[in-house]
Trainee: 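Questions regarding the structure given below will be posed in turn.
Start at 1 and go down the list; that is how both ligands and their atoms are numbered. Treat the numbers as computed from the prediction; the structure is a model and nothing was measured.
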Amino acid sequence: MSDLPAIELLRLDPDMPIPQRAHAGDAGVDLCSTVDVTIEPGERTLVGTGIAVALPVGTVGLIHPRSGLAAKSGLSVVNTPGTVDAGYRGEIKVCLINHDPRTPIAITRGDRIAQLLVQRVELVSFVEVESLDETTRGAGGYGSSGGHASLHAVSALPEEGAR
Ligand SMILES: O=c1ccn([C@H]2C[C@H](O)[C@@H](COP(=O)(O)OP(=O)(O)OP(=O)(O)O)O2)c(=O)[nH]1
Ligand SMILES: [Mg+2]
């Protein structure tokens with residue numbers, strides 16, 4: 001499926017399964033937690049996956065949340081997507097967060113808690129210049145193109161008495 005050679009993978013925890021695609025052609029392989037842990041609402045925790053890999057230079061591992069768990073329980077990854085550098089040989093860990101405001105999330109050892117994608121990445125260099133070329137966007141960003149009028153956070157509205 002990929003032009004890249006099979007990626008060397010070490011199981012630091014031999015009980016963990018080799019990360020698998022749920023379906024052929026899926027972008028990510030699922031990563032499992034090595035620990036039992038309960039994450040309280042709004043809390044985060046770093047969990048091990050028992051897996052280490054040797055990614056080829058010119059690729060990056062990206063750790064994404066699983067959408068089903070996100071929708072059902074509010075489980076996500078704090079630094080989504082997590083970046084696994086090609087030179088990293090340590091255990092892949094996942095910084096999980098419970099976004100649900102009320103309900104704790106119980107993780108059991110072996111649960112599939114996140115997914116790892118491997119992508120090619122450009123290892124560009126940078127050159128300092130005096131000015132940049134002109135574009136139609138220019139320095140406009142952070143909403144400069146409009147269209148979010150109805151999406152402002154409630155806290156951004158003026159106080160009741162001030163309206
Ligand atoms: O979700 C993640 C993110 C990172 N890592 C590992 C692999 C990665 O190569 C290393 C460093 O990650 P990153 O560069 O994002 O963190 P940093 O805070 O900049 O640490 P460092 O100073 O080690 O680069 O930590 C993980 O295991 N899981
Ligand atoms: Mg870094």
Trainee: Please list all pairs meeting side chain to side chain donor-acceptor pair (under 3.5 Å) that have one or both residues in residues 46-71, counting only residues at least two apart or in different chains.
Mentor: none
Trainee: List the atom pairs, with distances to 0.1 Å, where a side-chain N or O of residues 96-116 and a protein N or O form a donor-acceptor pair under 3.5 Å, not counting sequence neighbours.
Mentor:
from	atom 1	to	atom 2	distance (Å)
Asn98	OD1	Asp100	N	2.8
Asn98	ND2	Ile39	O	3.0
Asn98	ND2	Thr103	O	2.9
Asp100	OD1	Arg102	N	2.7
Asp100	OD1	Thr103	N	2.7
Arg109	NH1	Asp13	OD2	2.8
Arg109	NH1	Thr34	O	2.9
Arg109	NH2	Asp13	OD1	3.2
Arg109	NH2	Asp13	OD2	3.3
Arg109	NH2	Asp15	OD2	3.1
Asp111	OD2	Thr108	N	2.8
Arg112	NH1	Asp30	OD2	2.6
Gln115	NE2	Pro65	O	3.0

Trainee: Where is the tightest heavy-atom contact between Gly90 and Ala52, given as atom of each residue plus distance?
Mentor: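 Shortest heavy-atom separation between Gly90 and Ala52 comes out as O-CB, 3.4 Å.
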Trainee: Tell me which donor-acceptor pairs under 3.5 Å the side chains of residues 120-144 have, and how far apart each pair is, sequence neighbours excluded?
Mentor:
from	atom 1	to	atom 2	distance (Å)
Thr135	OG1	Gly138	N	2.9
Arg137	NH1	Gly140	O	2.9
Ser144	OG	Gly141	N	3.3

Trainee: Distances for all N or O pairs of ligand 1 and the protein under 3.5 Å?
Mentor:
from	atom 1	to	atom 2	distance (Å)
ligand 1	1 (O)	Asn79	ND2	3.3
ligand 1	1 (O)	Lys93	O	3.4
ligand 1	9 (O)	Asp85	N	2.9
ligand 1	9 (O)	Asp85	OD2	2.7
ligand 1	27 (O)	Lys93	N	3.0
ligand 1	28 (N)	Lys93	O	2.7

Trainee: Does Glu40 CD have over 12 foreign heavy atoms under 6.0 Å away?
Mentor: yes
Trainee: Grab the two heavy atoms, one from Cys95 and one from Asn79, that are nearest each other, plus how far apart they are.
Mentor: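 Shortest heavy-atom contact: CB-OD1, 3.7 Å.
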